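Only a predicted model underlies this, so the values are computations on that prediction, with no experimental measurement involved. All chains are named by letter (A, B, ...) in the order of the sequence lines, taking the proteins before the strands, and each is independently numbered beginning at 1.
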Amino acid sequence: MKYYVTTAIDYPNAAPHIGHSYEKIAADTIARYHRLRGDDTFFCMGVDENSQHVPRAADANRAGVIEWVDRMAAAFQGTWAALDVRPDRFIRTAIDTDHARASQELFRRAQAGGDIYKGTYTGYYCHNCNTFYEQGDLTDGKACPNHPTIAPEYLEEENYFFALSRYTDRLIDLLDANPDFIMPRVWGAEIRALLQRGLRDFSVSRPVKSARVVDGKPWGIPVPGDPEHVLYVWFDALTNYATAAGLPDDANRFADWWPADAHVVGKDITRFHCVYWPAMLMAAGLEVPRQVAVHGFMTLEGQRISKTTGNIIDPVELVDEWGADAVRYYLLRDVAFDRDGDFVRANLAQRYVSDLANDLGNLLNRAVSMIGRYRDGVVPTATAPEAPTDAELRTVAEAAVAGTTDCLEAWDFDGALDASWSLVRRANQYVDENQPWKLARDPDADGRLSVVLGTVAEALRLLSTLLAPVMPTACAKMRDQLGLPMAAGGDWLDLTWGRFPPGTKVGAPVPVFPRKDLTDPAR
RNA sequence: GGGCCCAUAGCUCAGCGGUGAGAGCGACUCCCUCAUAAGGAGCAGGUCGCAGGUUCAAAUCCUGCUGGGCCUACCA
């Protein structure tokens with residue numbers, strides 16, 4: 001099986017903040033999950049550089065346009081790397097020449113199919129906002145919504161249009177035939193309502209004369225066969241998903257990887273991914289993506305994240321303080337995918353201490369310590385019959401595997417982690433119930449001690465795979481201490497109880513999530 | 001204006017017609033000592049937003065109200 005997943009590409013107007021991070025972490029987690037399942041997995045991210053806003057951002061920062069996009073691309077990629085988000089391809093829409101070819105190819109195909117035509121775009125342009133508005137957007141029909149004293153200029157532009165209106169029925173059919181096309185389903189209802197109101201064509205180019213000139217060329221991707229126009233957002237941005245799959249240069253690769261299995265996007269761009277993009281692909285005679293996964297937005301300490309109010313957090317700073325695994329865990333555990341969530345630093349600290357250090361980290365630590373102390377570091381293989389308490393832990397483990405899997409398939413990350421944690425908690429209870437430290441003092445309990453320690457180790461083995469999509473580095477450390485190789489492709493399909501390799505030797509017990517002294521004045 | 005979602009223990013949420021309303025976290029009490037001053041057990045008596053209605057029976061269905069959020073198309 002192949003699995004191709006993408007995130008939205010971000011505007012490189014400013015460095016990324018935690019608001020951008022949730023989506024990337026979620027997509028990366030899904031990509032890692034599919035790799036563990038043994039799927040041939042491809043994960044694409046990128047930046048959306050072609051917008052005319054980007055040269056303006058460069059100006060505002062007194063940078064050359066190319067210098068600016070280079071710097072921003074490095075900042076984005078650096079942030080994702082710090083969060084252990086590892087795309088296979090990072091598209092830069094203004095720099096990558098294969099992307100320009102893909103965008104033009106998609107346009108040509110749609111044009112050849114008769115769905116591109118020249119028309120006149122009319123709108124009201126506010127020179128202060130550098131933005132077009134429609135009449136209905138204007139205050140009292142004449143003033144700019146952001147500048148009440150300014151009347152935007154009425155403009156007409158000759159643009160290319162895409163005949164979206166022809167696709168209404170086919171899009172409704174698409175939703176009917178694929179109830180999971182839009183996840184979660186509440187968004188499917190929104191889109192359906194939109195479709196039933198009927199669709200309007202949209203413009204897909206802008207005149208070259210209004211484009212910023214960079215290095216002697218207009219900023220943007222030229223419209224094929226018409227140097228007077230550059231492509232406008234839809235064909236120069238959404239197309240990145242097809243570029244990464246090989247369009248148009250590598251037909252074999254494209255045949256293998258297209259369509260995308262999932263586009264992960266924020267709720268603000270649902271419409272573009274669930275309506276515009278599938279219609280564009282239909283027009284070009286290409287398959288539509290299998291699924292669009294829509295996540296909510298994040299607030300920061302109860303407030304909207306906004307550059308202007310300054311309440312932004314640099315994810316790299318968080319990673320420096322807590323580690324990528326903890327940040328990933330916190331976001332996916334505390335922010336439900338399908339709703340808006342609130343990032344609260346105190347809650348991150350709480351999750352770190354309670355869930356990661358005390359529950360999971362300490363479980364590993366006490367298990368590895370006891371195996372080292374009582375069994376010379378060799379993980380015992382159970383030979384004695386299974387006692388009721390052993391069977392109960394096994395049952396919980398099997399339920400945790402099933403629950404974690406089901407939830408990940410449904411983009412329910414907090415549910416997945418909750419399911420895994422049911423095993424963490426049960427394993428800690430199991431240790432207390434069986435008191436291996438007492439068994440170790442009882443010469444007659446030697447066999448029983450082996451069973452208990454082997455059972456705990458087995459629970460940890462499963463956890464080190466179950467949690468690996470969310471916390472790759474921590475799980476690698478867990479497995480190292482357990483004497484196991486790093487989780488590898490296909491391991492997810494092998495999450496069967498009782499397969500701890502015989503004779504495995506554990507490593508030294510080192511806290512994976514070191515406790516932090518939160519009252520340390522040095523902090 | 002039209003459409004949609006949410007409001008359950010201090011906090012985050014599950015339950016979505018039927019035994020006495022649940023989980024995790026926090027607080028408190030107790031137990032243990034293998035472990036990262038970690039772990040386990042007990043304990044919370046919450047008008048299930050408000051007001052009506054349907055039903056043998058409602059947090060769970062219907063109506064209205066209040067509060068919060070979202071969609072209603074070319075900034076992405």
- Would you please name every residue forming a side chain to side chain contact (heavy atoms under 4.5 Å, CB included) with A:Ala100, sequence neighbours left out? A:Ile221

- Item | RNA chain B-proximal residues of residues 359-369 of chain A, any heavy atom under 4.0 Å | A:Asp359, A:Gly361, A:Asn362, A:Asn365, A:Arg366, A:Ser369

- How are the rings of A:His20 and A:His17 set to each other: parallel, tilted or perpendicular (split at 30° and 60°)? tilted

- Query: Mind checking what makes side chain to side chain donor-acceptor pair (under 3.5 Å) contact with A:Lys438, not counting sequence neighbours?
  - Reply: A:Gln435

- Item | Pair A:Arg515-A:Asn362, side-chain donor/acceptor within less than 3.5 Å | no

- Query: Of all residues at least two apart in sequence or in a different chain, which pass the side chain to side chain contact (heavy atoms under 4.5 Å, CB included) check with A:Glu433?
  - Reply: A:Thr389, A:Arg426

- Message: According to side chain to side chain contact (heavy atoms under 4.5 Å, CB included), who are the partners of A:Thr299, at least two apart in sequence or on a separate chain?
- Response: A:Asp342

- Each nucleotide of nucleotides 4-15 of chain B classed B (base within 4.0 Å of a protein heavy atom), S (only sugar-phosphate) or -, in 5' to 3' order, makes ---------SS-

Taking N or O atoms only and anything under 3.5 Å, show me the protein contacts with nucleotides 26-28 of chain B, one pair per line.
none

- Relative to the ring of A:Tyr276, is the ring of A:Phe202 parallel (under 30°), tilted (30 to 60°) or perpendicular (over 60°)? parallel

- Item | Per-nucleotide pairing state of RNA chain B [Watson-Crick or G-U, under 3.5 Å; [ ] pseudoknot-crossing; | other strand] | ((((((((.[[[[.)..(...]]]]..((((.......))))......[[[[[..)....]]]]])))))))....

- Message: Among residues 434-447 of chain A, which ones have heavy-atom contacts with RNA chain B below 4.0 Å?
- Response: A:Trp437, A:Lys438, A:Arg441

- Residue pairs passing the salt bridge (charged side-chain N to carboxylate O under 4.0 Å, His left out) test where at least one lies in residues 347-363 of chain A, sequence neighbours excluded: A:Asp334-A:Arg351, A:Arg351-A:Asp355

- Message: Between A:His295 and A:Phe413 (judged by ring centroids, cut-off 6.0 Å), do the two rings come close enough to count as a pair?
- Response: no

- Task: Mind checking ring-ring contact (aromatic ring centres under 6.0 Å, His included) for A:Trp421 and listing every partner two or more places apart, or none if nothing turns up?
- Result: A:Tyr329

- Message: Tell me which pairs pass ring pair (Phe, Tyr, Trp, His ring centres under 6.0 Å) where either residue lies in residues 353-375 of chain A, with sequence neighbours left out.
- Response: none

